[in-house]
Amino acid sequence: MKRRTGMAAQDPSETRNRRTGTAAREPLGVRQGSRRASAFLARRSLATHRRAWAAVIVATGAAAALIGAFAFVIGSLLVAAPPVQRYAGADAVVAADQKVSYTAKPWGSEPRTTTAYLPERARLDRSVLAAVAGADGVAKAVADDSVPVSTGDGRPAVGRSWPSAALTRYELAEGRAPRDATEVVLDGSLAAGGPAPGERVVLRADGTARTYTVSGIARTGHGGDAPPAVFFTEPRLTALAGHPGRIDTIGVVAEPGVSPNALRDAIGAVLPERSGVPGSDRGVRVLTGAERGEAEQVDALGGRGDQLALLGSIGGTVLMVALLVIASTLSQAIHQRSGELALLRAVGASPRQLRSAIGREAGRVSAAAALLGGIGAVPLGLAMRSLLTTETLPLPVPWWLPPAAALTGGLLVALLARPVAMLAARSITRLRPAAALGAAAAEEPSEPGRFRTVAGVVLAFAGISSAGVATTQSGQAAGAAASGAAMSLVIAVALLGPRISRIALGVLGRPLRRVGGVSGFLAERAASAHTRRLATAFTPIVLVVAFVCVQLASGPTMERASGQQASAALRADLVATGGGAGLPAGAARAVREAPGVTAATGVLRSAVVLADRQAGEPVLTRLPVLGVEARGLSGTLDPRVTAGDLDRLTGRDAVAVGADRAKGLDVGPGDRVALRLGDGTRVEPRVVAVYEHELGLGEFLFPREALAGHVSAARDQVVLIRTEDGAGADPATSVREALAPYGGGVTVRAATGDDVAIAPPVSDGDNAVIVIGVGVIGGFALLAVVSTLALITIGRRGEFRLLRMVGTGRRQLRRMLVLETGLVTFAGLVIGTAVAAVPLTAFAVSLAGTAPYLPPAHYGVIAGAVALAAAAGTLVPGAAGGRFVLGRRAG
């Protein structure tokens with residue numbers, strides 16, 4: 001009889017399906033009735049559990065907004081281009097290709113090619129100018145070079161030739177064009193309130209400052225924001241540029257009626273295949289329309305590529321975090337109803353009906369969340385865009401981008417929610433009716449299933465292994481391995497949460513009972529009875545702590561290690577800087593002759609491109625480098641040479657290599673290393689020394705003269721000065737007097753490790769990525785903490801009522817909630833810190849050779865934010881429902 005009763009509630013077609021493994025072929029009326037029943041259950045459940053679903057809507061809506069915002073920013077970056085300012089009056093610009101490529105054959109695959117943008121301007125041979133001028137449809141072809149200039153009071157400007165003024169549509173407002181090397185035309189912005197035509201002005205373009213006569217004032221005829229300019233005669237500008245056989249670009253003005261496409265084809269037909277510069281294999285490009293801005297900001301697209309790579313990496317993390325949060329909140333919402341679902345199963349609801357009802361609920365909830373999140377993605381994306389946009393690369397907002405971003409975020413959430421909810425309900429809906437009756441009265445299962453346990457162990461092992469791999473890698477490979485380790489470990493914690501929570505209770509349970517008394521006992525008992533719930537509570541805390549710690553600690557770890565090595569290598573006690581325009585090479589010579597100075601070294605900053613393989617894949621890495629003068633170098637810098645001699649760092653065929661990079665390239669003194677300089681020129685200098693302080697000074701040290709001809713502007717960023725101990729006169733005063741002929745804007749101060757550290761100061765773009773990575777995603781994770789804990793608290797209303805009915809006081813119940821919140825917060829902080837420590841240690845050891853470092857104040861902010869979020873998610877819902885739960889009406 002019992003067997004007949006139990007089987008009577010079971011769908012016969014389901015039994016047959018289980019035996020045969022085939023799909024049921026139900027009559028149309030049966031299927032329609034099943035759908036109506038599922039729809040009815042979904043409607044009633046939505047009304048009954050509206051508070052729980054509200055918490056789910058908040059979490060999933062925030063996930064949709066975050067995904068959509070990242071799609072918004074990445075889409076804006078993909079279509080971004082440098083603005084056309086300097087060449088607004090040119091119909092076309094001829095420039096050398098700024099990209100370099102490297103082809104290699106990965107293991108067991110076809111050859112692959114990777115590309116990278118060059119950090120310095122690649123130039124053209126001057127002979128190309130005549131070919132362009134003779135092309136059909138060209139009315140005028142103008143060589144355009146530029147040099148940094150500063151005024152007598154230190155204001156920066158760009159020096160150009162007067163013929164190139166037509167490329168920006170400059171016109172004389174006063175005076176006339178310059179006629180000889182002593183005359184200049186000033187930009188109207190520089191002349192405002194200053195010298196008039198016929199008066200004199202002090203300018204520093206190369207060498208010492210000189211006095212020029214202002215022959216005229218020019219103003220641009222377009223509304224762009226081109227930088228202030230000073231116009232010299234063409235011979236004078238060519239001499240100041242220092243590369244007479246080469247030119248930066250060629251601006252082209254077309255004849256009337258010639259279209260951009262026709263002009264491009266005509267110029268392309270007469271151009272040589274290569275730029276014609278010795279040692280360079282750069283191709284030649286003809287830029288028209290919006291592409292002309294690429295010739296103005298040579299590294300803007302390279303910076304865009306770096307930002308896309310960073311945002312793509314963070315975007316992948318966002319997707320994983322969103323999936324984890326959606327799965328966590330939906331699973332918790334379903335598990336809180338396991339008794340209800342089991343009871344429905346016991347009274348005759350089929351597994352298909354229950355799964356369909358839950359799927360319908362999740363679908364409606366996710367639709368609402370997708371709508372809200374899609375709407376919120378647009379303002380959030382605009383805010384993120386405002387952080388990333390710069391004058392050199394403004395981010396556009398085409399009409400199709402906002403709806404596309406909103407649709408992307410909303411659609412992903414809508415597609416993810418329903419299958420996740422149905423999967424979460426699978427464990428209870430697949431029970432037999434008799435077993436479901438027992439499950440309806442039983443506690444929720446505390447142990448994770450076998451598959452979940454195995455998956456968690458595998459991911460934990462993968463995370464630890466990935467961290468171990470990171471210690472053997474360098475550069476991007478190490479960072480990628482460490483990031484993968486962090487995400488694998490976070491997911492492993494989510495899967496193994498019940499087992500981890502049991503361990504945490506074993507450690508913290510007894511202190512909790514001793515400190516909390518009756519409330520502590522209740523908190524410990526409640527946590528022990530619901531370890532799955534405890535794990536769900538601290539998982540988002542682990543997520544936010546691990547992610548934010550990794551993001552915040554990686555930069556300070558590298559900066560600290562770099563600063564320590566740079567400070568250890570520094571021997572100078574003074575440093576001279578020349579503002580934005582820098583200092584010419586002659587400044588270092590002048591300082592050496594100042595009284596009390598024993599050594600002075602000019603430091604020129606540039607970058608090289610290294611072709612290498614990582615895991616068999618071709619990789620092009622841009623590495624910042626320093627160009628120094630060997631004369632007196634030992635008095636100002638000590639890179640700690642381990643092999644070779646830095647005194648041989650002279651000429652154009654020498655280089656010193658850092659110890660780790662030398663080991664990776666398998667080179668030593670006397671060997672040659674293949675590199676591309678900043679403008680793409682191929683070189684194979686001979687290694688003359690190997691040194692240890694590569695993290696502080698860079699992986700390559702070049703003679704200054706080897707880099708000077710391959711940078712956009714050959715100006716020393718700093719001059720390092722070593723003074724004589726016990727000198728009678730003030731050395732700083734004598735250095736200032738020696739630099740006085742170089743004009744205003746030159747400063748002399750005490751030297752620090754930051755003056756030679758190869759790691760550049762954090763730029764606005766870097767700060768923006770940090771804000772986006774930490775602020776936006778960290779804020780989302782904190783919101784997940786609040787919504788998850790609020791969902792759990794809402795689901796415990798029956799438990800709270802029962803405690804009140806058996807005599808638990810309101811204060812005891814509130815204190816129990818406080819202690820539980822403290823337990824969850826502390827466990828989440830400890831586990832999250834441990835999860836972050838594994839990849840951070842791997843990252844720090846592989847790249848910096850030190851322990852990871854996070855400023856204590858930063859960690860304090862993280863802990864405080866997590867504690868506030870946990871309190872908001874637990875105590876506020878408890879207090880908000882206090883009139884029914886904690887108040888007098890509980891019974």
Any side-chain heavy-atom pair of [X] and [Y] under 4.5 Å:
{"X": "D679", "Y": "R246", "answer": "yes"}
{"X": "V185", "Y": "I217", "answer": "no"}
{"X": "L311", "Y": "V73", "answer": "yes"}
{"X": "V575", "Y": "I721", "answer": "no"}
{"X": "F72", "Y": "L401", "answer": "yes"}
{"X": "L395", "Y": "L77", "answer": "yes"}
{"X": "S150", "Y": "P156", "answer": "no"}
{"X": "V93", "Y": "I250", "answer": "no"}

Item to check | Residue pair T182, T213: steps toward the side chain to side chain donor-acceptor pair (under 3.5 Å) verdict | outcome: CA-CA 6 Å; T182 64; T213 300; 5.2 Å; no
Report yes or no: does [X] contribute a side-chain atom to a donor-acceptor pair with the main-chain N or O of [Y] at less than 3.5 Å?
{"X": "Q98", "Y": "E120", "value": "yes"}
{"X": "R126", "Y": "P244", "value": "yes"}
{"X": "R704", "Y": "V603", "value": "no"}
{"X": "T392", "Y": "A300", "value": "no"}
{"X": "T408", "Y": "A404", "value": "yes"}
{"X": "T389", "Y": "S386", "value": "no"}
{"X": "R204", "Y": "Y742", "value": "yes"}
{"X": "E629", "Y": "G602", "value": "yes"}
{"X": "T220", "Y": "T168", "value": "yes"}

How long is the span from the [atom1] atom in [X] to the [atom2] atom in [Y], to the nearest 0.5 Å?
{"X": "E183", "Y": "R200", "atom1": "CD", "atom2": "CZ", "answer": "10.0 Å"}
{"X": "L393", "Y": "L301", "atom1": "CG", "atom2": "CG", "answer": "7.0 Å"}
{"X": "D306", "Y": "Y117", "atom1": "CG", "atom2": "OH", "answer": "11.0 Å"}
{"X": "R155", "Y": "S189", "atom1": "CZ", "atom2": "OG", "answer": "8.0 Å"}
{"X": "S606", "Y": "L623", "atom1": "OG", "atom2": "CG", "answer": "11.5 Å"}
{"X": "L240", "Y": "S161", "atom1": "CG", "atom2": "OG", "answer": "11.0 Å"}

Looking at [Y] and [X], is any side-chain nitrogen of the basic one under 4.0 Å from a carboxylate oxygen of the acidic one?
{"X": "D299", "Y": "R622", "result": "yes"}
{"X": "E296", "Y": "R121", "result": "no"}
{"X": "D716", "Y": "R605", "result": "no"}
{"X": "K99", "Y": "E294", "result": "no"}
{"X": "D755", "Y": "R749", "result": "yes"}
{"X": "D145", "Y": "R160", "result": "no"}

Checklist entry - R264 and E291: salt bridge (Lys or Arg N to Asp or Glu O under 4.0 Å), yes or no, with the steps? => result CA-CA 12 Å; R264 180 191 304 223; E291 293 179 338; 3.5 Å; yes
Next on the checklist: Would Y102 and L610 count as a side chain to side chain contact (heavy atoms under 4.5 Å, CB included) here? Give the steps.
Outcome noted: CA-CA 10 Å; Y102 171 52; L610 175 66; over 6 Å; no
Next on the checklist: Does Y87 form a side chain to side chain donor-acceptor pair (under 3.5 Å) with T249? I'd like the steps, not just the answer.
Outcome noted: CA-CA 10 Å; Y87 297 119; T249 60; 2.6 Å; yes
Checklist entry - Which of these, L604, L675, L707, L677, sits in a side chain to side chain contact (heavy atoms under 4.5 Å, CB included) with V625? => result L707
Over all heavy atoms of both residues, which pair between [X] and [Y] is shortest? Give the atoms and the distance, please.
{"X": "A122", "Y": "A96", "value": "O-CB, 3.4 Å"}
{"X": "R236", "Y": "Y212", "value": "NH2-OH, 2.9 Å"}
{"X": "V132", "Y": "V138", "value": "O-CG2, 3.6 Å"}
{"X": "V258", "Y": "A262", "value": "CG1-CB, 4.3 Å"}
{"X": "V609", "Y": "P119", "value": "CG2-CD, 4.4 Å"}
{"X": "S164", "Y": "A143", "value": "CB-O, 4.3 Å"}

Checklist entry - What's the verdict on side chain to side chain donor-acceptor pair (under 3.5 Å) for S259 and N261, showing C-alpha distance, side-chain angles and the deciding distance? => result CA-CA 5 Å; S259 68; N261 289 336; 5.6 Å; no
Checklist entry - Does atom CG of D136 have more than 12 heavy-atom neighbours from other groups under 6.0 Å away? => result no
Checklist entry - Should we count CZ of R176 as having more than 12 external heavy atoms under 6.0 Å? => result yes
Checklist entry - Taking it one step at a time, do V746 and T577 satisfy side chain to side chain contact (heavy atoms under 4.5 Å, CB included)? => result CA-CA 6 Å; V746 178; T577 60; over 6 Å; no
Next on the checklist: One pair to check against salt bridge (Lys or Arg N to Asp or Glu O under 4.0 Å): D91 and R292. What are the steps and the verdict?
Outcome noted: CA-CA 9 Å; D91 296 298; R292 294 171 296 170; 6.0 Å; no
Item to check | Trace of the side chain to side chain contact (heavy atoms under 4.5 Å, CB included) decision for L263 with V252 | outcome: CA-CA 9 Å; L263 182 64; V252 178; 4.2 Å; yes
Next on the checklist: Would V284 and D97 count as a side chain to side chain contact (heavy atoms under 4.5 Å, CB included) here? Give the steps.
Outcome noted: CA-CA 6 Å; V284 183; D97 190 2; over 6 Å; no
